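In this chain, residues are counted from 1 in sequence order. Everything numeric in this text was worked out from a predicted model, so none of it was measured.
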Amino acid sequence: MKITSTSCICPVLVCLCFVQRCYGTAQHSSIKGTRNQTKHIEGETEVHHRPKRGWVWNQFFVLEEHMGPDPQYVGKLHSNSDKGDGSVKYILTGEGAGTIFIIDDTTGDIHSTKSLDREQKTHYVLHAQAIDRRTNKPLEPESEFIIKVQDINDNAPKFTDGPYIVTVPEMSDMGTSVLQVTATDADDPTYGNSARVVYSILQGQPYFSVDPKTGVIRTALHNMDREAREHYSVVIQAKDMAGQVGGLSGSTTVNITLTDVNDNPPRFPQKHYQLYVPESAQVGSAVGKIKAYDADTGSNADMTYSIINGDGVGIFSISTDKETREGILSLKKPLNYEKKKSYTLNIEGANTHLDFRFSHLGPFKDATMLKIIVGDVDEPPLFSMPSYVMEVYENAKIGTVVGTVLAQDPDSANSLVRYFIDYNAEDDRFFNIDANTGTIKTTKVLDREETPWYNITVAASENDNPSLLSHVTVVIRVLDVNDNPPELAREYDIVVCENSKPGQVIHTISATDKDDFANGQRFNFFLDEHLSINPNFTLKDNEAAAVPSPSGFVRARETGACGPAVQKPSCPRLA
């Protein structure tokens, strides 16, 4: 308030607002159940339990959220000029004047007609004036004062960011920081403890704790194991009034997930496994699967499989399926039940991403024994050779034996085998086979010069299961016999020049033979003895050169084939 010094009676507007901390009867008789504060009067014994607020000359105080049936008494304006005869009129202007705040213009008493909310508006600036009711002249200069809304604890702490989702690695040290939560309180932080918040944990013990002042959540146990429990729902409470009884509170949920670390080795559920694989399994095919289980997740559970020993190391191989983390067993070599009926493999599964912080929990690998039982399969007959080559002479009699094929049942049953030649419908059938013995014979006379080789396919089946067939190729070579006479390579028409000299070679002749080289191609030439002798020509053997001699024909000694020894030469002109 402003105090003027020009008036001898010190005409001031006296603020008679008594600041009262406790709830009780108001100083003004017209107000009941108000919660104003009172001024400590010198010499008066303090009877209130809550601390009083100091006198502020230019401020009134009004409690927020007043819910009483009558208007709340705020304070009193009084001028030294007021003799109590009603001649002084008090006027109130400014924020809320006439609507929120009303004044008795005779007594100067100010009341609040509405419930106020400090969190919406903390104070109101008003102006007070005292005038002479008769002359309307001011008795005081207009004075400005503030009505401050007094805070009460009407706002609970709030977590603006919840609920929270957060992770922390499993096996973390006790006291590892997880998250800091913060609650805000809209009450006045400068007045009392209305906005003084403390934190506590309502749900989540004994696994987690919270710092009551900072709201930092920490792990409260050693070696929390994700594989034992992965998710936690922690409820944090924030309470104002420093946590005292009667304070308001708010809560939030913190969903905490333990993230995985590689603290678990892989483990085979069994130490011994058995796998059945038929002997008919194809080389390169997958014949079985095996799996070790790892309680970890993600890359911490990645593993690789290997065969560390066993009598099946060279027969089987193992690879790792990255998606399913299974060991895929494949066949490297053919199986034969009749030769070996079982194999043993020692298989190891080992983690590929190790965390050396947990090496003391290892080793991070495990082994198991796998016994593979080879299954007996009814297999087709097996020929003694992958293919056969046989020989037979041409012109041999029908029914001549060419050779024999042999097939046996590879199974332990050792069933009887039957044979047949797998002919196409359009094939000429030069051979047949004995169904029981596998002996191949000719059915026609063979001519080497016409067909020197034959390729046939022989099939074998079991008597007990004719649908199981095996096939083998039989190549038959037709051997030559000397059954073809030599022939002159062509017909010769030789002309002799009249001026040819004795002994001069007039022509060379040659012969061919359809038989094999061993039985032909080497000939003796001579003049036909049955023809008349021509003394003008002779024949020189081996080179087969015709020279002037008595004969006009030449004969090959082996066959008697002959032809005219005449050819027209190109003769030189004589001078």
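Minimum interatomic distance between Asp355 and Arg357 (heavy atoms only, all atoms of both residues): OD2-NH2, 2.7 Å. Leu345 and Ile307 make their closest contact through CD2-CG2, 3.9 Å (heavy atoms, listed as atom of the first residue, atom of the second, distance). The two residues Asp480 and Arg448 come nearest to each other via the heavy atoms OD1-NE, 3.1 Å. Heavy atoms only, all atoms of each residue included: Pro381 and Pro410 are closest at CA-CD, 4.0 Å. Among all heavy-atom pairs drawn from Thr259 and Arg226, the shortest one is C-CD, 4.0 Å. Closest approach of Val234 and Gly204 over heavy atoms only: CG2-CA, 4.2 Å.
Around atom OH of Tyr393, no more than 12 heavy atoms belonging to other residues, nucleotides or ligands sit under 6.0 Å away. Within a 6.0 Å sphere centred on NE2 of His360, heavy atoms belonging to other residues, nucleotides or ligands number more than 12. With a 6.0 Å radius and a threshold of 12 heavy atoms from other residues, nucleotides or ligands, Gln282 has its CD atom at or below the threshold. Shown here is Glu379, whose CD atom has more than 12 heavy atoms of other residues, nucleotides or ligands within 6.0 Å. Atom NZ of Lys271 sits in a crowded spot, with more than 12 heavy atoms from other residues, nucleotides or ligands closer than 6.0 Å. More than 12 heavy-atom neighbours from other residues, nucleotides or ligands sit within 6.0 angstrom of NZ on Lys341. With a 6.0 Å radius and a threshold of 12 heavy atoms from other residues, nucleotides or ligands, Leu202 has its CG atom above the threshold. Residue-environment remark: NZ (Lys397) stays at or below the threshold of 12 foreign heavy atoms within 6.0 Å.
Rounded to the nearest 0.5 angstrom, Leu446 CG and Thr443 OG1 are separated by 8.0 Å. Taking CD1 of Ile236 as the reference point, atom OG of Ser209 lies at 8.5 Å (rounded to 0.5 Å). Atom NE2 in His471 sits 7.5 Å away from atom OG1 in Thr457 (nearest 0.5 Å). Taken from CE in Met171 to CE in Met224, the straight-line distance is 11.0 Å, to the nearest 0.5 Å. Of the inter-residue distances, the one linking Tyr343 atom OH with Leu335 atom CG reads 5.5 Å to the nearest 0.5 angstrom. Between the OG1 atom in Thr473 and the CG atom in Asp422 there is a gap of 10.5 Å [rounded to 0.5 Å].
Within the 4.5 Å cutoff, the side chain of Thr442 has heavy atoms near those of the Phe431 side chain. A 4.5 Å side-chain heavy-atom check between Leu329 and Tyr305 finds every atom pair outside the cut-off. A 4.5 Å side-chain heavy-atom check between Leu361 and Pro265 finds every atom pair outside the cut-off. Asp411 has its side chain within reach of Glu462: a pair of non-hydrogen atoms, C-beta onward, lies under 4.5 Å apart. Looking at Phe316 and Leu370, their side chains never come closer than 4.5 Å, going by heavy atoms from C-beta outward. Annotation: side chain of Glu279 is in contact with side chain of Asp376 (closest heavy-atom distance under 4.5 Å). Looking at heavy atoms from C-beta onward, Thr219 lies in side-chain contact with Phe208 at the 4.5 angstrom threshold. Looking at Ile440 and Ile456, their side chains come closer than 4.5 Å, going by heavy atoms from C-beta outward.
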Checklist line | Pair Leu275-Ile373, side-chain contact (heavy atoms from CB on, under 4.5 Å): steps then yes or no | finding: CA-CA 6 Å; Leu275 176 66; Ile373 304 300; over 6 Å; no

Notebook entry, point to check: Where do Phe358 and Asn264 land on the side-chain contact (heavy atoms from CB on, under 4.5 Å) test, with the steps shown first?
Noted result: CA-CA 9 Å; Phe358 307 104; Asn264 290 278; over 6 Å; no

Note to self: I'd like to know whether Glu450 forms a side-chain contact (heavy atoms from CB on, under 4.5 Å) with Glu394, so could you lay out the CA-CA distance, the side-chain angles of the two residues, the decisive distance to 0.1 Å, and finally the verdict.
What the structure shows: CA-CA 10 Å; Glu450 183 177 337; Glu394 64 176 332; over 6 Å; no

Next item on the list: Kindly indicate, with the supporting measurements, whether the criterion side-chain contact (heavy atoms from CB on, under 4.5 Å) is fulfilled by Asn463 and Ser415.
Entry: CA-CA 7 Å; Asn463 281 349; Ser415 299; 5.7 Å; no

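Between Asp173 and Arg218 there is no salt bridge, since no side-chain nitrogen of the basic residue lies less than 4.0 Å from a carboxylate oxygen of the acidic one. With respect to Glu326 and Lys291, no salt bridge is recorded, no charged nitrogen being found less than 4.0 Å from a carboxylate O. Here Lys289 does not pair with Asp321 in a salt bridge; the nearest charged N to carboxylate O distance is not below 4.0 Å.
Side-chain atoms of Arg229 come within 3.5 Å of backbone N or O of His231 as a donor-acceptor pair. Side-chain N or O atoms of Asp311 include one that pairs as donor or acceptor with a backbone N or O of Thr344 at under 3.5 Å. Of the possible donor and acceptor atoms, one in the side chain of Asn262 sits under 3.5 Å from a partner among the backbone N and O of His353. Side chain of Gln237 to backbone of Ser249: no donor-acceptor contact under 3.5 angstrom is found. Side-chain N or O atoms of Glu170 include one that pairs as donor or acceptor with a backbone N or O of Val261 at under 3.5 Å. Not a single donor-acceptor pair under 3.5 Å links the side chain of Tyr337 to the backbone N or O of Ser280. Remark: the backbone N or O of Tyr423 is not paired with any side-chain donor or acceptor of Arg429 at under 3.5 angstrom.
A side chain to side chain donor-acceptor pair (under 3.5 Å) with Asn300 is found for one member of Asn351, Asp260, Asp263 and no other, namely Asp260.
Aromatic ring orientation, Tyr273 versus Phe268: perpendicular (interplanar angle above 60°, classes split at 30° and 60°).
No donor-acceptor contact under 3.5 angstrom links the side chains of Thr167 and Thr257, judged on distance only.
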